[in-house]
Amino acid sequence: VDLAVAWLGIQMDNPLINASGVMCRTVEELEALRHSAAGALITKSCTLEPRKGNPEPRYASTALGSINSMGLPNAGYRYYLDYARRYDHEHGKPLLMSVSGMSLEDNLEMMAAFDEAALPVLVELNLSCPNLPGKPQIGYDFEASARLLAEVSKVYRRPFGVKLPPYFDPVHFGEMADVLDGCPSIGFVTCINSIGNGLVIDLERESVVIRPKDGLGGIGGDYVLPTALANVREFARRLPGRHVIGCGGIRSGREAFMHILAGATVVQVGTCLYEEGPACLARIRDELVYLMQDKGYRTLTDFRGRLRTL
Ligand SMILES: C=Cc1c(C(=O)O)[nH]c(=O)[nH]c1=O
């Protein structure tokens, strides 16, 4: 069984990446990922200036997943750009960089800086942070998304990707696919970000479990797998010439297989990585190998996008 993937000019020996935001805010965390079984790694979404993020507690896990309202804590884009400049792109694993500016101007300033640096990285532009009080997710505003992508394409002259929020209606799948189809620079879409603004309740305490936004936060884990798979399949169908990165609900080789069957080129692991640590990536990789062996597949292309309908 061969898990190798070659896409958008990068080679990965397996399709597993951390989800942006998990275990990727500091150089130490990124280095731990680089030394893990990950096929590639992605940095925490960055802003123009460093951010402390929301008040704690801002993350909680449940039997079925997680809720977070981190509030985009990060060291600022210069820190991650510096890591990328020092990174051994030649011999190391592919490095992806997540960008999530607080405004159009901030996004353009950061993307222009990444363009100037001309590093062999892939940029994932985050259109879906659900946890900035008072700020809507750009990905739910189709006109604003189209404007942002058109402006970014002028300052960042290479293919890049977007991190999308989950959509829940075929009309919205279509509208966002049209926006992305109209932007030739989009080489990949990552589906999905956490399902925004859920509410987890602690029954004993009769209380919410995170402080920001009176307990509202992005939901991840088992809760989101069906929604993630739907978004992967719907965008893979609508954007045949672009890659889809599957993210949401992956905690074993089984869900990784499902995401790829639904059309994902590679996949990202979030909640499971947060809860179990980088060792989960070797476990998930091995489980995917065994599953492929059981099913008689030798490579990911043998089943990618081959989800049967009835
Ligand atoms: C970049 C901010 C995000 C955050 C955050 O930093 O609160 N949490 C998520 O689940 N998704 C995000 O995109």
Side-chain angles (χ1 to χ4, degrees), residues 19-21 24-26 30 42-55 58 68-85 95-165 167 172 175-194 196-197 212-213 218 242 245:
S20 177
C24 58
R25 186 152 41 113
T26 65
L30 289 161
I42 186 167
T43 58
K44 167 66 185 175
S45 292
C46 61
T47 48
L48 203 59
E49 302 305 333
R51 284 177 56 89
K52 286 191 177 55
N54 289 339
R58 57 194 189 183
N68 91 82
S69 186
M70 311 305 281
L72 201 39
N74 75 97
Y77 85 98
R78 295 175 186 81
Y79 177 93
Y80 303 101
L81 191 50
D82 183 53
Y83 177 74
R85 287 192 211 283
L95 179 64
L96 287 77
M97 317 282 303
S98 175
V99 171
S100 187
M102 300 296 283
S103 67
L104 171 64
E105 293 71 25
D106 285 7
N107 272 318
L108 295 179
E109 185 169 340
M110 289 189 282
M111 293 301 280
F114 277 98
D115 188 73
E116 173 69 25
L119 296 162
V121 301
L122 277 179
V123 172
E124 182 183 88
L125 182 61
N126 190 345
L127 304 183
S128 45
C129 180
N131 300 322
L132 299 172
K135 288 182 79 73
Q137 297 177 67
I138 304 170
Y140 287 145
D141 179 337
F142 301 116
E143 285 77 26
S145 295
R147 266 196 312 279
L148 172 61
L149 297 179
E151 292 304 311
V152 166
S153 303
K154 292 177 195 160
V155 301
Y156 190 81
R157 271 75 57 96
R158 287 181 292 155
F160 63 97
V162 289
K163 177 72 168 285
L164 297 180
Y167 300 94
H172 298 156
E175 291 204 32
M176 194 55 187
D178 287 347
V179 169
L180 299 168
D181 195 38
C183 181
S185 299
I186 298 295
F188 70 94
V189 299
T190 302
C191 299
I192 59 175
N193 207 317
S194 54
N197 298 296
K213 295 173 65 174
R242 326 294 172 96
I245 299 186

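Worth knowing before you read on, the calculation uses all heavy atoms, side chains too, and leaves out hydrogens, waters and symmetry mates. Small disclaimer: the values here were computed from a predicted structure and weren't measured.
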Begin from the C-alpha positions of T47 and D106 and carry the test side-chain hydrogen bond (donor to acceptor under 3.5 Å, both in side chains) through to its verdict.
CA-CA 7 Å; T47 48; D106 285 7; over 6 Å; no
Evaluate the criterion side chain to side chain contact (heavy atoms under 4.5 Å, CB included) for residue pair L72 and K44; output intermediate values, then yes/no.
CA-CA 8 Å; L72 201 39; K44 167 66 185 175; 4.1 Å; yes
Trace of the side chain to side chain contact (heavy atoms under 4.5 Å, CB included) decision for F160 with V99
CA-CA 11 Å; F160 63 97; V99 171; over 6 Å; no
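Side-chain atoms of R25 do not come within 3.5 Å of backbone N or O of L30 as any donor-acceptor pair. A donor-acceptor contact shorter than 3.5 Å links the side chain of Y80 to the backbone of A75. Judged by distance alone, the side chain of N126 and the main-chain N or O of S45 form no donor-acceptor pair under 3.5 Å. R58 places no side-chain N or O within donor-acceptor distance of the main-chain N or O of P212, the cut-off being under 3.5 Å.
Between S194 and N68, the shortest heavy-atom distance links the atoms OG-ND2, 4.3 Å. Minimum interatomic distance between L149 and V179 (heavy atoms only, all atoms of both residues): CD1-CG1, 4.1 Å. Contact between N107 and S100 at its shortest, heavy atoms only, is OD1-C, 3.9 Å. Shortest non-hydrogen contact noted between M97 and A84 is SD-CB, 3.9 Å. Residues P130 and G218 come closest through the heavy atom pair CG-CA, 4.4 Å. For S69 against K213, the heavy-atom pair with the smallest separation is OG-CD, 4.1 Å.
Taken to the nearest 0.5 Å, the CZ atom of F142 stands 10.0 Å off from the CG atom of L180. Note: F114 CZ to C46 SG = 4.5 Å, rounded to the nearest 0.5 Å. The NZ atom of K135 sits 6.5 Å away from atom OG of S103, with the distance rounded to the nearest 0.5 Å. In this structure, S185 OG and L125 CG are separated by 11.5 Å, a value rounded to the nearest 0.5 Å. We find the CG-CE distance between D115 and M110 to be 14.0 Å, quoted to the nearest 0.5 Å.
Using a 4.5 Å cut-off on side-chain heavy atoms (C-beta onward), L148 and L104 make contact. Using a 4.5 Å cut-off on side-chain heavy atoms (C-beta onward), L127 and L164 make contact. Between E49 and M102, every side-chain heavy-atom pair lies at or beyond the 4.5 Å cut-off. Residues R85 and L119 have side chains in contact (heavy-atom distance under 4.5 Å, counting atoms from C-beta outward). S153 has its side chain out of reach of P184: every pair of non-hydrogen atoms, C-beta onward, lies at least 4.5 Å apart. Here the side chains of P133 and N54 are in contact, with some heavy-atom distance below 4.5 Å. Taking the side chain as every heavy atom from C-beta outward, T43 and L95 approach each other to under 4.5 Å.
Considering only residues two or more places apart in sequence or on other chains, T190 meets the side chain to side chain contact (heavy atoms under 4.5 Å, CB included) condition with E124, K163, F188, I245, C247, Q268. When the side chain to side chain contact (heavy atoms under 4.5 Å, CB included) test is applied to R242, the partners found at least two apart in sequence or on another chain are D181, I186, L239. Remark: D141 pairs with E143, A144 by the side chain to side chain contact (heavy atoms under 4.5 Å, CB included) rule, at least two apart or across chains.
Ring geometry for Y140 versus Y167: interplanar angle over 60°, hence perpendicular rather than tilted (30 to 60°).
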